[in-house]
Amino acid sequence: MPVAASAIYFLNLRGDVLINRLYRDDVGKTIKHASIEVEKPVLRNIAFSIFKQFFAIRRTFPCIAVRTSYSEGNMVDAFRTHIMQTKELGTCPVRQIGGCSFFYMRISNVYIVIVVSSNANVACAFKFVVEAVSLFKSYFGGAFDEDAIRNNFVLIYELLDEIMDFGYPQNLSPEILKLYITQEGVRSPFSSKPSDRPVPNATLQVTGAVGWRREGLVYKKNEVFLDIVESVNLLMSSKGVVLRCDVTGKILMKCFLSGMPDLKLGLNDKIGLEKESQLKSRPTKSGKTIELDDVTFHQCVNLTRFNSEKTVSFVPPDGEFELMKYRITEGVNLPFKVLPTIKELGRTRMEVNVKVKSVFGAKMFALGVVVKIPVPKQTAKTSFTVTSGRAKYNAAIDCLVWKIRKFPGQTEPTLSAEVELISTMTEKKSWTKPPIQMEFQVPMFTASGLRVRFLKVSIIPF
Amino acid sequence: MAPPPPQSNRSPSPSQPSGKSEVSDLKSQLRQLAGSRAPGADDSKRDLFKKVISNMTIGIDVSSLFGEMVMCSATSDIVLKKMCYLYVGNYAKGNPDLALLTINFLQRDCKDEDPMIRGLALRSLCSLRVANLVEYLVGPLGSGLKDNNSYVRMVAVIGVLKLYHISASTCIDADFPATLKHLLLHDPDTQVVANCLSALQEIWTLESSTSEEAARERETLLSKPVVYYLLNRIKEFSEWAQCLVLELVAKYIPSDNSEIFDVMNLLEDRLQHANGAVVLATIKVFLQLTLSMADVHQQVYERIKAPLLTQVSSGSPEQSYAVLSHLHLLVMRAPYIFSADYKHFYCQYNEPSYVKKLKLEMLTAVANESNTYEIVTELCEYAANVDIPIARESIRAVGKIALQQYDVNAIVDRLLQFLEMEKDYVTSEALVLVKDLLRKYPQWSQDCIAVVGNISSKNVQEPKAKAALIWMLGEYSQDMHDAPYVLESLVENWDEEHSAEVRLHLLTAVMKCFFKRPPETQKALGAVLAAGLADFHQDVHDRALFYYRLLQYNVSVAENVVSPPKQAVSVFADTQSSEIKDRIFDEFNSLSVVYQKPSYMFTDKEHRGTFEFADELGNLSISAESGESVVPAQRVEANDKDLLLGTSEKDEGRDPGSNGSAYYAPSLNGSSAPSATSQPLADLAFPTTGISSQAPTSSLAIDDLLGLGFPDGTAATPSPPPLNLNSKAVLDPGTFQQKWRQLPISSSEEHSLSPQGIASLTTPHALVRHMRSHLIHCIASGGQSPNFKFFFFAQKAEATSIYLVECIINTSSTKSQIKIKADDQSSSQAFSTLFQSALSKFGLS
């Protein structure tokens with residue numbers, strides 16, 4: 001059984017129920033009200049005679065047993081008292097209380113809790129929650145929080161009924177669900193004469209091939225957008241040695257194409273290029289090739305073809321989606337180097353010097369650079385000198401925020417600040433020195449060097 | 001069935017004045033709208049329904065509106081219908097009488113021309129969960145399963161499962177499982193197929209405990225045609241359904257190696273799937289399929305490494321936690337494969353502590369000669385971390401690495417640096433580790449003692465750390481200049497010491513110190529013995545008294561007892577047995593991996609029987625509250641025994657074969673009616689001894705009743721050809737269980753044991769060792785005198801055929817019961833003779 005979830009709850013941060021959906025009765029049965037009882041040995045023996053085959057060797061002293069249990073409606077109480085109101089919150093996303101396991105996830109100001117009574121598949125359950133949330137988001141148009149839930153609870157109930165039945169996940173793809181669960185919800189898409197119009201859902205599922213795309217889409221202007229977004233994961237020791245560096249990137253697409261288009265994407269990855277030159281029996285073109293450590297694709301990508309020909313070919317879903325994700329560990333170029341020196345001068349003064357070096361080409365530039373340098377909570381006064389951009393102290397996040405709108409390559413602006421601290425009695429708690437954060441955009445720069453070589457679109461006329 | 005209108009007259013009519021409470025207000029408004037066909041009525045109804053549902057959600061009992069809600073449900077508005085269905089589903093169980101009202105309109109909706117409505121109505125009908133309404137379900141379900149719209153079929157299939165949970169007999173009598181089986185193999189819609197699969201698995205698993213046929217049906221789900229059919233269509237399935245299919249495939253046992261490779265080739269691209277759950281399910285298939293091929297199994301580890309590491313770094317922390325738990329399991333099984341990837345397990349500042357903790361454990365596991373330096377350097381960074389639990393964990397990790405490495409030189413220096421960091425928790429953890437280190441590597445004592453000697457015992461507060469410090473003071477008192485005086489000052493503060501553990505250590509340490517430096521310690525010794533004798537803690541008191549008498553008797557004897565020359569500890573005991581680890585591995589991709597214990601330890605008792613052990617429940621609640629992941633050893637042991645007896649019981653029940661059904665009945669008989677086993681009922685009144693001797697005797701009687709037993713003794717059988725066994729036979733518990741389940745019993749015999757054998761059988765291990773010398777290996781054993789149970793296996797030399805043996809020995813009746821299953825039936829008799837002769841030699845040598 002991949003999930004067989006018994007119930008799903010949406011709670012706010014105080015533990016109030018926003019939505020609850022019980023799929024199965026079994027969570028109530030295993031868990032009853034808290035009570036202390038003394039077992040009588042006589043009763044035990046009768047039970048033993050029946051189950052002696054199973055429990056042949058057992059200690060048999062009468063004992064006092066504390067039963068911690070809850071009635072069906074009190075699963076939420078169990079979660080509240082055992083997880084939300086204790087230090088356990090945040091220590092582990094999977095907890096067992098009584099006979100049930102609770103999987104919980106916090107998304108903005110909402111806890112989503114799945115309760116199972118059996119040995120469920122954890123990865124599947126969490127993935128389900130993540131997918132469900134993205135489904136809700138696509139319905140609400142963006143935010144998923146307490147207010148959105150309160151405003152749309154009827155819709156959520158409808159969706160919960162469709163995406164899971166008796167604890168088994170059903171269809172979670174927004175493209176299909178939006179066909180028959182609409183925000184307005186006034187009319188059923190299955191008109192009063194089903195024989196006239198084929199039911200879109202059914203036909204799609206029968207054809208099976210493209211469950212993520214509706215048939216009969218028409219756009220006057222056919223458009224495709226493609227973005228590569230990379231996040232660099234860098235771990236540096238206190239001495240400046242790079243311990244670990246890898247890139248997780250994703251290719252995001254936005255497609256507004258008519259009909260059932262077939263797309264093909266070419267990247268400058270090593271294996272793909274080698275395979276291509278092999279097929280066309282000509283030597284590999286010079287230029288940088290990238291070795292992808294691992295790739296995962298959106299379900300629309302033909303995986304068999306990727307494995308045999310190493311080309312990414314797919315029939316895209318309509319609208320926005322994440323085409324692929326990849327991971328690269330070799331040859332990662334970093335756009336910036338941040339060199340901080342922080343001196344604590346006595347108990348009440350600190351000197352902060354931060355130098356940011358841009359290491360990409362001199363012709364390129366970064367946009368909207370924001371450097372956040374954390375300072376202790378008890379900061380009283382700050383004074384800055386910066387060689388470029390503007391800086392100020394933001395007390396709400398305990399950071400010096402340094403903004404540079406346009407940051408050309410191969411330059412190194414610096415910030416030096418003096419921070420005065422309020423002297424406090426509770427000196428014992430040392431400052432944690434959280435990492436410096438930096439936000440930026442560098443157009444036409446990828447840390448991994450990955451480039452899109454081509455994107456072929458062939459629209460099949462219909 | 002009464003139509004709704006007359007019902008409305010009956011419903012509690014003396015209406016409260018509106019506005020008195022919200023519920024009654026809603027009620028009157030609903031009633032006004034009930035018959036209205038005015039344009040706009042649907043919209044106002046919808047608002048009202050929303051209010052009702054929102055009240056229901058926050059826990060206000062709105063069940064009194066049942067009648068009105070049902071009346072208002074006569075509408076064509078699908079959203080209204082859905083809200084009404086939700087309401088009805090929620091309250092029908094508590095109001096079975098009112099639920100009857102809804103049957104009528106639900107049944108009508110089940111025949112609606114809109115498939116959406118048909119499906120929704122059917123789903124709600126099945127969700128009523130009222131036992132006496134099941135008769136109304138059968139008809140709509142039957143037509144739902146045959147509906148030409150896949151949405152309705154999809155709902156109907158799960159409906160069958162719901163019906164089964166309400167009333168199993170109704171479901172079976174209507175022959176729904178057979179219909180589902182047909183749909184499983186023939187429906188064009190993959191979601192229908194997937195739902196069939198989940199429904200059938202659940203139904204047949206639950207049925208198989210009582211019905212032989214269901215057990216067989218469940219096996220057919222795992223048969224080649226079904227598995228191949230599903231595998232060939234796997235790309236059409238939704239990602240969730242793929243997980244389901246892959247879970248099934250993981251249990252499939254291919255007939256030969258080429259089949260294994262076919263399946264793996266087919267599924268390889270699933271490792272690239274964006275859904276982490278699909279990737280994990282595929283990994284499970286790969287791991288399970290290749291269990292028997294060691295070299296391919298290794299390659300699988302290499303292959304799955306990259307996808308797993310990708311999954312770790314993508315998605316929310318919760319998702320990566322789920323993946324990391326699995327990675328953790330694999331790292332523990334094969335650390336050397338991951339030792340080059342240790343940098344992936346470095347912690348990041350913003351990771352939640354549960355992820356960090358797993359990563360620390362993995363770093364410990366993958367440490368080897370080449371990467372120890374880097375890993376320890378990194379761990380030392382964490383030790384300075386502000387997150388105290390993580391800092392502690394990292395220090396412990398350093399210690400563990402030190403204990404598993406040969407080159408500890410650098411690590412010892414690090415640990416000693418910790419001691420000088422002057423943070424209380426760091427010092428405490430480091431002290432405990434230094435103590436363990438010294439027990440394993442006494443040669444480092446000079447360096448460590450020099451540092452430890454500088455630590456003031458006043459700065460150490462935690463009992464464990466204090467005990468460690470005191471232990472070192474006692475053990476190395478000859479090297480530590482002021483040891484006697486430190487101990488003396490500790491003795492002076494005896495009354496302020498709250499931990500019994502520390503006091504016990506103090507007693508022993510002063511004793512040790514006394515033997516090494518008598519004149520300096522004599523005063524402290526007197527004081528400590530006096531304090532110990534006056535102690536209110538029983539153990540402390542007893543130990544003090546024991547030392548006192550020992551010293552009175554003979555001082556040199558006392559020295560031999562208290563402070564004998566120490567031998568370095570070579571290996572520290574593993575906390576989890578390998579058997580448990582293998583079971584967790586078998587349950588890959590489930591909660592077991594996250595909890596790090598096999599499922600039988602945490603799932604419901606209902607799988608083991610309806611009777612609940614109260615003390616077990618107590619245990620459970622304790623562990624839930626304290627958050628201890630380590631199960632007390634005793635409990636594990638108890639569960640193991642239980643498991644051994646439990647599984648074999650199930651296995652026998654599941655055994656296919658000609659005598660299967662005949663076998664079942666008497667076994668029930670034997671267990672429920674003790675008189676049949678010729679054991680007086682009185683025995684049962686003395687559970688401690690009575691029960692334990694009961695089990696084997698009764699099952700012994702079962703075999704007799706069955707007449708399963710082959711002619712007693714092997715003397716009658718013609719002398720078989722000599723059988724040679726493979727000396728290096730290997731079999732893992734998973735395969736053993738699979739085989740045991742599949743194979744029929746090829747021989748079942750009962751023998752008497754020699755008195756010498758009985759005498760030497762004090763622990764299971766004695767026999768296990770003996771049998772190993774005869775090339776018969778033990779895979780599991782358990783029990784206490786007088787009952788022992790063993791599972792053995794052996795392999796034929798120069799052949800792959802395996803023999804499996806279940807052997808139950810009762811030392812009080814000096815009988816042994818042996819069941820043998822074999823791959824190669826023809827030689828099983830020969831093996832039986834061999835086994836018998838090996839067993840008879842037990843205790844003679």
Side-chain angles (χ1 to χ4, degrees), chain A residues 2 30 39 45 47-54 56-57 60 63 65-68 91-94 96-97 99 101 105 118-124 126-127 154 157-158 165-166 168-169 180 185 188 190 202 205-206 208 235 243-244 248 293-298 303-304 307 325 327 432 435, chain B residues 50 78-79 82 86 114-116 149-150 158 161-162 188-189 198 236 240 243-244 269 272 274-277 280 306-307 310 313-314 318-319 321-322 343 346 349 354 386 589-591 594 599 602-604 609 611 614-615 617-618 621 624 641 645-646 671 674 684 687-688 691-692 694-695 784:
Chain A
T30 51
E39 294 278 15
N45 289 338
F48 260 115
S49 69
I50 298 170
F51 290 98
K52 63 183 165 20
Q53 284 276 312
F54 281 88
I57 308 158
T60 50
C63 63
V66 182
R67 292 196 177 171
T68 313
T91 53
C92 183
V94 183
Q96 196 186 8
I97 305 168
S101 296
M105 233 174 163
S118 55
N119 187 16
N121 181 336
V122 193
C124 199
F126 281 127
K127 182 71 181 170
V154 174
Y157 272 123
E158 269 185 62
D165 201 358
F166 210 51
Y168 291 106
Y180 60 95
S188 153
F190 313 106
Q205 299 223 332
V206 171
L235 202 63
L243 293 173
R244 176 189 154 195
T248 43
D293 276 26
D294 191 46
V295 214
T296 57
F297 293 106
H298 185 267
L303 291 175
T304 327
N307 275 353
K325 250 193 237 164
R327 195 162 52 83
T432 64
Chain B
K50 267 191 195 173
I78 197 157
V79 175
K82 277 185 189 167
L86 180 70
D114 184 340
M116 194 76 205
N149 188 292
S150 59
I158 291 292
L161 183 59
K162 289 176 188 165
D189 187 283
S198 21
E236 301 165 31
W240 315 106
C243 295
L244 199 67
D269 56 15
Q272 240 100 49
N275 188 329
L280 271 184
T310 306
S313 56
S314 62
E318 288 86 358
Q319 282 172 287
Y321 173 70
K343 283 186 178 172
Y346 282 0
Y349 177 81
Y354 51 84
V386 251
N589 203 14
S590 73
L591 269 177
V594 176
S599 60
F602 62 86
T603 47
D604 281 343
F611 182 66
D615 44 1
L617 249 181
S621 68
K641 283 167 202 154
L645 292 164
S671 56
L684 292 169
T688 344
I691 300 295
S692 45
Q694 186 71 27
Q784 282 169 350

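Source: prediction; values computed, not measured. Atoms considered below: every heavy atom in the structure, side chains included; atoms not considered: hydrogens, waters and symmetry mates. Order of the sequence lines sets the chain letters (A, B, ...), proteins ahead of strands, with each chain counted from 1.
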Quick check: do A/Pro93 and A/Met105 have side-chain heavy atoms less than 4.5 Å from each other?
no

Honestly, the part of B/Lys82 sitting under 4.5 Å from a heavy atom of chain A is side chain

Comparing B/Gln319, B/Gln272, B/Lys162 against chain A, the one with the most heavy-atom pairs below 4.5 Å turns out to be B/Gln272

If one checks every heavy atom of A/Tyr157 against chain B at 4.5 Å, the contacting part turns out to be side chain

The interface call for A/Ser101 against chain B, heavy-atom contacts under 4.5 Å, is both

Residues B/Asn589 and B/Ala277: closest non-hydrogen pair is ND2-O, 4.3 Å

Cut-off 3.5 Å, side chains only: do A/Arg327 and B/Thr310 have a donor facing an acceptor? yes

Turns out that what part of B/Leu280 lies under 4.5 Å from chain A's heavy atoms comes down to side chain

- prompt: Quick one: do the B/Ser590 and A/Asn119 side chains pair a donor with an acceptor below 3.5 Å?
  reply: yes

When the 4.5 angstrom heavy-atom criterion is applied to A/Lys127 and chain B, the contacting part is both

- Query: Can you tell if the side chain of A/Val94 reaches within under 4.5 Å of the side chain of B/Tyr354, non-hydrogen atoms only?
  - Reply: no

Cut-off 4.5 Å, heavy atoms of chain A, and the answer for B/Tyr321 is side chain

Nearest heavy-atom approach of A/Asp293 to B/Ala306 is O-CB, 3.9 Å

